[in-house]
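First comes the structure, then the notes that go with it.
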2 protein chains.
Amino acid sequence: MKTRERILLTSLELFNTEGEANVSTVDIANEMDISPGNLYYHFKGKQEIIGELFNRLESQLIDILEAPLEKSIKTEDAWIYLYVVFEQICNHRYFYRSISDLLQRYPDIEKRFRRLVALKIRTAEAVARELVDHEVLKMDARQVSWLANNVAMQLTFWLNFDNLLSKNTPDPLAIHQGVFQIVSLAAPYLSPQHRYVYDECSSLYEHLIADL
Amino acid sequence: MKTRERILLTSLELFNTEGEANVSTVDIANEMDISPGNLYYHFKGKQEIIGELFNRLESQLIDILEAPLEKSIKTEDAWIYLYVVFEQICNHRYFYRSISDLLQRYPDIEKRFRRLVALKIRTAEAVARELVDHEVLKMDARQVSWLANNVAMQLTFWLNFDNLLSKNTPDPLAIHQGVFQIVSLAAPYLSPQHRYVYDECSSLYEHLIADL
DNA sequence: GTCTATATTAAGATAGAC
DNA sequence: GTCTATCTTAATATAGAC
């Protein structure tokens, strides 16, 4: 693997585990057993590494979030879809953990991340409307808009909150709790024939807790 | 006002507006027109300032959160109570904006803040149970626990999320949106006679938006 | 209590040899 | 492409005069 690529992967790994603020360019170089000078040959600095990591986060997330806008997802896939989003977020958790700080330091990233949040909401709204059309959910336009906002918020901050609840939740459990949390938001609006979605999700959740 | 107190107030103000990471001891001293040396006479450093600011945050929040545990609050006060909590959070928003970072740097604060989150959940649960007992809400124990978790999350991260939605929401509007967001969580479980709580909150929200 | 001046440290960054 | 050595900068912190 090329050094440039290794720098990006190592940085992502260290940022996720130690927190972006606690990782210096020298730390990254040490972790890789290369010299700081070498790192600076490949990147102008930490700034540029973060910029490139964000580029990837952004393009991946756009791909994921635009899919249901272009081609409506099947009803039974709606909650599976949440896993995909959460997993991507989890891979870049360092970013979500330090949002305010990073957005304050990088105005360019700030604009782009705000667009991502707006896209999250738009997608959540589209999916919810789809479910309403198929009579899986029963809610009016205002409730849909409320739900979409809330889903976006849960996606963005759930892993942070989970971290406050217990320090070292294994990733799969944390993600599943997040999904369950979101499904619970929609539960009161599920039509009787689709209650089983909530029950399925709920029992899967129980099993996961029992296993871990 | 004593210098020590002015340092604390100025720090809080600067942290809230600029972000804790972007404010140095020299910045604080400059803002107050005192010398850095003077600041260090009163505090061992930024660390100690943050420690003292957290002490206050903690004791205020405990006072607020323990009140409903000791003496049950009146049904119609339940959602007003949310404003009190949000306002306190808003006053210390720098802390909530940089939670991960601060908790990573100050293990002592981490432990204590985790206890505060647990207390938030306990209080939310107690209030919810109270409302269930008075037949304001209709939900089972599991739903109560889900709601309490969600309320705690909204309280903790709503202002952060609001900040992603639009950069400069005036505080009162942001807080009201947060309250509305939380009331909406409980709305599906409101008994018919108490629907009006949601409607009141909802129309107040519309008015606020129209005014601003 | 407050100031000025200065020391310390750690992160960020570059130059130049190999 | 990579290394070593070194420079710059900003934040933190202290000493000693007033």
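Convention: sequence-line order gives letters A, B, ...; per-chain numbering from 1. Just so we're clear, the structure is a prediction, and the values are computed from it rather than from any experiment.
Nucleic acid contact for B:S35: base, since at least one base atom lies under 4.0 Å from a heavy atom of the residue. In this structure, B:G37 reaches the bases: a heavy-atom distance under 4.0 Å links it to at least one base atom across the strands shown. Contacts of A:V26 with the nucleic acid, taken as non-hydrogen atoms under 4.0 Å apart, are absent.
Between A:Y40 and the phosphate of C:dA13, there is a side-chain N or O to OP1/OP2 separation shorter than 4.0 Å. In terms of phosphate contacts, B:Y41 brings no side-chain nitrogen or oxygen within less than 4.0 Å of OP1 or OP2 of C:dT2. At the phosphate of D:dA13, neither OP1 nor OP2 sits under 4.0 Å from any side-chain N or O atom of B:T25.
How far CG of B:L65 is from CG of B:L116: 7.0 Å, rounded to the nearest 0.5 Å.
Across the protein-nucleic acid pair, A:D33 atom CG and D:dC3 atom C1' stand 13 Å apart, rounded to whole Å. We find that CG of A:N30 is positioned 14 Å from P of C:dA10, with the value rounded to whole Å. If you measure from atom CD1 of A:I34 to atom P of C:dC18, you get 21 Å, rounded to the nearest angstrom. Summarising the geometry, the separation between CG on B:N38 and P on C:dG1 is reported as 9 Å, rounded to the nearest angstrom. Between the C1' atom of D:dT12 and the CZ atom of B:F43 lies a distance of 16 Å, rounded to the nearest Å. Between the CD atom of A:E48 and the P atom of C:dT14 there is a distance of 11 Å, given to the nearest Å. A straight line from NE2 of B:H42 to P of C:dT2 spans 4 Å, rounded to a whole angstrom. Look at CD1 on A:I50: it is 13 Å from C1' on C:dA11, rounded to the nearest Å.
Side chains of B:S24 and B:K46: no donor on one and acceptor on the other come within 3.5 Å.
The pair B:E20-B:R105 meets the salt-bridge criterion, with a side-chain N (NZ, NE, NH1 or NH2) lying under 4.0 Å from an Asp/Glu carboxylate O. The residues A:E110 and B:K167 are annotated as salt-bridged, a charged nitrogen and a carboxylate oxygen being separated by less than 4.0 angstrom.
The A:S24 side chain lies nearest to C:dA11 when the options are D:dT4, C:dA11, D:dA13.
Smallest separation of non-hydrogen atoms from B:L164 and A:R114: O-NH1, 3.0 Å.
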